[in-house]
Visitor: 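Please see the structure below; I have some questions.
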Amino acid sequence: MKKITILGSTGSIGRQALDVIARHPDRFCMEGLVAGRNLDLLEDQIRRFRPRFVSVEKQEDALRLKAIFDSSCKILWGEEGAVEVASASDADLVLSAIVGAAGLKPTYEALRAGKDVALANKESLVIAGPIMTTCAQQTGARILPVDSEHSALFQALSCGDRSSVRKLILTASGGPFFQKSREELATVSVEQALRHPNWDMGAKITIDSATLMNKGLEVIEAHWLFQTAVDQIDVVIHPQSIVHSLVEYCDGSVIAQMGTPDMRCAISYALAYPERVESGVKSLKLTEIGTLSFYEPDFEKFRCLKLACEVAREGGSLPVVLNAANEVAVSLFLERKIGFLDIPRLVEQTLIRHQKFSLKTLDEVKEIDRWARETTLHL
């Protein structure tokens, strides 16, 4: 039986992972849960899955949970608690699904402890790619992708030797706006941006999908995850979200991974790897879909994608700045303090103000992350 710890259990990925786990009580058991402040949902998860360790964001929330569950599991809080659950428990696999830079240290400590990590927190590789991958290599831990696109690449790469790969092709739904003009984008509302046509995701990643920043971050992630040059990674718009990504080999063969747009497919593959288990995802019916279409992305209209690809080539500390500035800008947009097109504007202005250097420690990553957030807020 595989012991699982979930970092971010009350978020979208965490909830879907628990749905998969619940289908296979003979294969998985819950070792640890780490959550934010959705205590009502977390209490339900604790009762249902009976983890040995639980950590929450705030001490007062931990005290509330201790009053209820102290005899059945160890209750912790804060970053230290999340790190302990990620690294000190007996988990065979840690699902890293905390959104944003907050998931960085627990993910690193899980890898440092030699635990396999199912990675849904793309920021871990975006802002600390060389640090995370070096750590995994040193301890023998595996990083298994949970993003649907990277899971698709991971599966397609099993069809040939890495030396025979010509390019990786990431597909992007294009979000709700890929056919809109730049003038129309200037008037986009928060409600419109949150209506993703295919995927059910959290607010931040849904906005990133609308700006195509999500795909730019995935280029950086793929670079580190698969040790592939940025210029060998392409992006295509695929509105149906049926082909999740493709790998082109030197003989001209293109291997695509396809499926119904449901994150439980990628989640279940990472949880059960190298096996496959029933995930609850509906069968794909190509005859009902009829047409699959593909388009070149407009890098000028969607400047977040252009900025991310430029940063991916430059490397160093720039991805930290890109990610932090984007998180701040998306938050400001969701709070209705800036417009949709102000997101790439703020990110670019923050990048211009930064002098790139090579990162060696997580403390350096945190310092640049802090600087970028403060800079973006004061632009």
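Just so it is clear, the model here is predicted, and its values are computed rather than measured.
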Visitor: Under the 3.5 angstrom rule, does the side chain of Glu364 hit a backbone N or O of Lys360 as a donor-acceptor pair?
Guide: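 Here the side-chain-to-backbone pair exists.
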Visitor: Answer yes when Arg27 and Glu278 have at least one side-chain N-carboxylate O distance shorter than 4.0 Å, and no when they do not.
Guide: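 Salt bridge absent between Arg27 and Glu278.
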Visitor: When you check the side-chain N and O atoms of Thr376 and Thr350, is any donor under 3.5 Å from an acceptor?
Guide: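 Yes, Thr350 and Thr376 have a side-chain donor paired with an acceptor closer than 3.5 Å.
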Visitor: Over 60° means perpendicular and under 30° means parallel, so tell me whether Trp371 and His354 are parallel, tilted or perpendicular.
Guide: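 Judged by the thresholds at 30° and 60°, the geometry between Trp371 and His354 is tilted.
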Visitor: For residues Ala82 and Ser55, report the shortest heavy-atom separation together with the two atoms involved.
Guide: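 Ala82 and Ser55 have their closest heavy atoms at N-OG, 3.3 Å.
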Visitor: Is any side-chain heavy atom of Leu322 closer than 4.5 Å to one of Val347?
Guide: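 The answer is yes, as the side chains (C-beta and beyond) meet within the 4.5 Å cut-off.
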Visitor: Do Leu41 and Gln45 come within less than 4.5 Å of each other through their side chains, counting heavy atoms only?
Guide: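 Counting from C-beta outward, Leu41 and Gln45 do come under 4.5 Å.
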Visitor: After noting the C-alpha distance and the side-chain angles of Ser124 and Leu119, does the key distance pass the side-chain contact (heavy atoms from CB on, under 4.5 Å) rule?
Guide: CA-CA 8 Å; Ser124 292; Leu119 190 64; 4.0 Å; yes
Visitor: Between Arg264 (side chain) and Gly280 (backbone), is there a donor-acceptor pair under 3.5 Å?
Guide: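 Yes.
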Visitor: So, do Val85 and Val54 sit near enough that their side-chain heavy atoms are less than 4.5 Å apart?
Guide: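 Contact flag for Val85/Val54 side chains = no.
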Visitor: When you look at Ile289 and Leu284, which way does the side-chain contact (heavy atoms from CB on, under 4.5 Å) test go after all the steps?
Guide: CA-CA 9 Å; Ile289 297 166; Leu284 177 64; 3.3 Å; yes
Visitor: If every non-hydrogen atom of Tyr249 is compared with every non-hydrogen atom of Ser158, which pair is closest and at what distance?
Guide: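 Tyr249 and Ser158 have their closest heavy atoms at OH-N, 4.4 Å.
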Visitor: Can you confirm whether more than 12 heavy atoms, excluding those of Arg313, are under 6.0 Å from its CZ atom?
Guide: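 Yes - once you tally the heavy atoms of other residues, nucleotides and ligands closer than 6.0 Å, there are more than 12.
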Visitor: Under a single-linkage definition using a 4.5 Å side-chain heavy-atom cutoff for Ile, Leu, Val, Met, Phe, Trp and Tyr, are Leu341 and Val190 assigned to the same hydrophobic cluster?
Guide: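 The answer is yes; both residues are in one hydrophobic cluster.
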Visitor: Strictly distance-based, threshold 3.5 Å: is any side-chain N or O of His223 a donor or acceptor partner for the main-chain N or O of Thr228?
Guide: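 Yes; judged by distance alone, with no hydrogens or angles, the pair exists.
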Visitor: State, with a plain yes or no, whether a side-chain heavy atom of Glu123 is found less than 4.5 Å away from one of Glu327.
Guide: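 Yes, at least one pair of side-chain atoms sits under 4.5 Å.
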Visitor: Could you measure the distance from the CG atom of Leu65 to the CD1 atom of Ile75? Nearest 0.5 Å is fine.
Guide: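 CD1 of Ile75 is found 5.0 Å from CG of Leu65.
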Visitor: Main chain of Ser253, side chain of Asp251: is a donor-acceptor contact present, judged purely on distance under 3.5 Å?
Guide: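 Answer holds: yes.
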Visitor: Crowded around Glu335 CD? As in, over 12 foreign heavy atoms under 6.0 Å?
Guide: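 Atom CD in Glu335 is packed in, count exceeds 12.
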Visitor: In terms of hydrophobic clusters joined by side-chain contacts under 4.5 Å, are Ile267 and Phe49 together?
Guide: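 The answer is yes; both residues are in one hydrophobic cluster.
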Visitor: Parallel, tilted or perpendicular: which fits the ring planes of Phe226 and His150, with parallel below 30° and perpendicular above 60°?
Guide: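 It falls in the parallel class, under 30°.
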Visitor: Could you walk me through whether Ile68 and Arg47 pass the side-chain contact (heavy atoms from CB on, under 4.5 Å) test, one step at a time?
Guide: CA-CA 10 Å; Ile68 304 171; Arg47 291 189 179 95; 4.0 Å; yes
Visitor: Could you see if Val243 belongs to whatever hydrophobic cluster contains Val219? Use Ile, Leu, Val, Met, Phe, Trp, Tyr and a side-chain cutoff under 4.5 Å.
Guide: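 They do not share one cluster, since no chain of ILVMFWY contacts under 4.5 Å joins Val243 to Val219.
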Visitor: Can you check whether Cys265 reaches Gln257 side chain to side chain, under 4.5 Å on heavy atoms?
Guide: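 Yes, their side chains come closer than 4.5 Å.
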Visitor: Check whether the side chains of Thr133 and Gln137 place a donor and an acceptor atom closer than 3.5 Å, and report yes or no.
Guide: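 Their side chains do not contain a donor-acceptor pair, so the 3.5 Å distance test is not met.
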Visitor: Side-chain heavy atoms nearer than 4.5 Å, only ILVMFWY residues, links allowed to pass through others: does that put Ile233 and Ile169 together?
Guide: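 No, because Ile233 and Ile169 fall into different hydrophobic clusters, even though each may have its own neighbours under 4.5 Å.
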Visitor: Can a donor-acceptor pair be found, under 3.5 Å and without considering hydrogens, that links the side chain of Lys204 to the backbone of Val330?
Guide: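 Not confirmed, Lys204 side chain does not pair with Val330 backbone.
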Visitor: Determine the minimum heavy-atom distance between Leu346 and Ala329, stating which atoms define it.
Guide: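 It is CD1-CB, 4.2 Å.
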Visitor: For the pair Lys366 and Lys105, evaluate side-chain contact (heavy atoms from CB on, under 4.5 Å) and give the outcome as yes or no after the intermediate values.
Guide: CA-CA 10 Å; Lys366 287 185 175 182; Lys105 188 172 182 181; 3.9 Å; yes
Visitor: Can you find a side-chain donor-acceptor pair between Ser163 and Asp161 that sits under 3.5 Å?
Guide: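 Distance-only check passes for Ser163 and Asp161.
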Visitor: Under the 3.5 angstrom rule, does the side chain of Glu348 hit a backbone N or O of Arg345 as a donor-acceptor pair?
Guide: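 Such a contact is absent between Glu348 side chain and Arg345 backbone.
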Visitor: Flag yes if more than 12 heavy atoms outside Gln355 fall under 6.0 Å of its CD atom; otherwise flag no.
Guide: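 No, because the 6.0 Å sphere around CD of Gln355 holds 12 heavy atoms or fewer from other groups.
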Visitor: If you measure from the Lys or Arg side-chain nitrogens to the Asp or Glu carboxylate oxygens, is any gap between Glu288 and Lys282 under 4.0 Å?
Guide: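 So Glu288 does not pair with Lys282 through a salt bridge.
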Visitor: With Leu111 as reference, evaluate Pro106, Ser96, Cys135, Ser87 under the side chain to side chain contact (heavy atoms under 4.5 Å, CB included) test and give the passing residue.
Guide: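 For Leu111, the side chain to side chain contact (heavy atoms under 4.5 Å, CB included) test succeeds with only one of Pro106, Ser96, Cys135, Ser87, which is Cys135.
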Visitor: For Ala156 and Val247, which heavy atoms make the closest approach, and how far apart are they?
Guide: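 The pair with the smallest heavy-atom distance is CB-CG2, 3.6 Å.
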Visitor: Could you give the distance from CD (Glu275) to OG (Ser268), rounded to the nearest 0.5 Å?
Guide: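 So the gap between those two atoms works out to 12.0 Å.
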Visitor: So, Asn323 and Lys122: side-chain donor and acceptor under 3.5 Å apart, yes or no?
Guide: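 No.
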Visitor: Give the ring-plane orientation class for Phe177 versus Phe340, where under 30° counts as parallel, over 60° as perpendicular and anything between as tilted.
Guide: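 Perpendicular.
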Visitor: As an exercise, state the distance from CG of Asn121 to CD of Glu221, rounded to the nearest 0.5 Å.
Guide: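 Rounded to the nearest 0.5 Å, the CG-CD separation comes to 8.5 Å.
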Visitor: Check Lys215, Met213, Glu310, Glu300 against Leu305 for a side chain to side chain contact (heavy atoms under 4.5 Å, CB included) and give me the one that passes.
Guide: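 Result: among Lys215, Met213, Glu310, Glu300, Lys215 is the only option passing the side chain to side chain contact (heavy atoms under 4.5 Å, CB included) with Leu305.
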Visitor: For residues Tyr108 and Ile131, determine if any side-chain heavy atom of one lies less than 4.5 Å from a side-chain heavy atom of the other.
Guide: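 Tyr108 vs Ile131: side chains touch.
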Visitor: Is Arg166 paired with Glu248 through a side-chain N to carboxylate O contact shorter than 4.0 Å?
Guide: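 The answer is yes: the pair qualifies as a salt bridge.
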Visitor: Side chains of Leu359 and Ser317: closer than 4.5 Å at any heavy-atom pair?
Guide: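 Yes, close enough: below the 4.5 Å cut-off.
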Visitor: Any side-chain donor-acceptor pair under 3.5 Å between Gln138 and Thr134?
Guide: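 Judged by distance alone, the side chains do not pair up.
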Visitor: Same cluster for Val236 and Ile255 if Ile/Leu/Val/Met/Phe/Trp/Tyr side chains link at under 4.5 Å?
Guide: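 No; tracing contacts between hydrophobic side chains, which count when under 4.5 Å, never links both residues.
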Visitor: Taking all non-hydrogen atoms of both residues, which atom of Val320 and which atom of Asp369 are closest, and how far apart?
Guide: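 Looks like CG1-N, 3.6 Å.
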Visitor: Would you kindly say whether Ser293 and Gln240 are connected by a side-chain donor-acceptor distance under 3.5 Å?
Guide: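 On atom types as modelled, these side chains qualify, holding a pair under 3.5 Å.
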Visitor: Can you tell me how far the CE atom of Met30 sits from the CD1 atom of Ile21, to the nearest 0.5 Å?
Guide: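 One gets 3.5 Å once the value is rounded to the nearest 0.5 Å.
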Visitor: One pair to check against salt bridge (charged side-chain N to carboxylate O under 4.0 Å, His left out): Asp19 and Arg15. What are the steps and the verdict?
Guide: CA-CA 6 Å; Asp19 178 78; Arg15 295 195 306 271; over 6 Å; no
Visitor: Answer whether the closest heavy-atom distance between the side chains of Val56 and Arg64 falls below 4.5 Å.
Guide: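 The answer is no, as the side chains (C-beta and beyond) never meet within the 4.5 Å cut-off.
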Visitor: Give a yes or no on whether Arg370 atom CZ has more than 12 heavy-atom contacts from other residues, nucleotides or ligands under 6.0 Å away.
Guide: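 Counting other residues, nucleotides and ligands, CZ of Arg370 exceeds 12 neighbours.
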Visitor: Taking Asp363's backbone N and O only, do any of them form a donor-acceptor pair with Glu367's side chain (distance below 3.5 Å, no angle check)?
Guide: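 No.
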Visitor: Rounded to the nearest 0.5 Å, what separation is found between the CD1 atom of Ile237 and the CG atom of Leu170?
Guide: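 Those atoms lie 11.0 Å apart.
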Visitor: To the closest 0.5 Å, what do you measure between CD1 (Ile242) and OG1 (Thr291)?
Guide: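 Reported to 0.5 Å precision, the distance equals 12.0 Å.
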Visitor: Show the nearest heavy-atom pair for residues Ala312 and Ile220, with the distance to one decimal.
Guide: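 Ala312 and Ile220 have their closest heavy atoms at CB-CG1, 3.6 Å.
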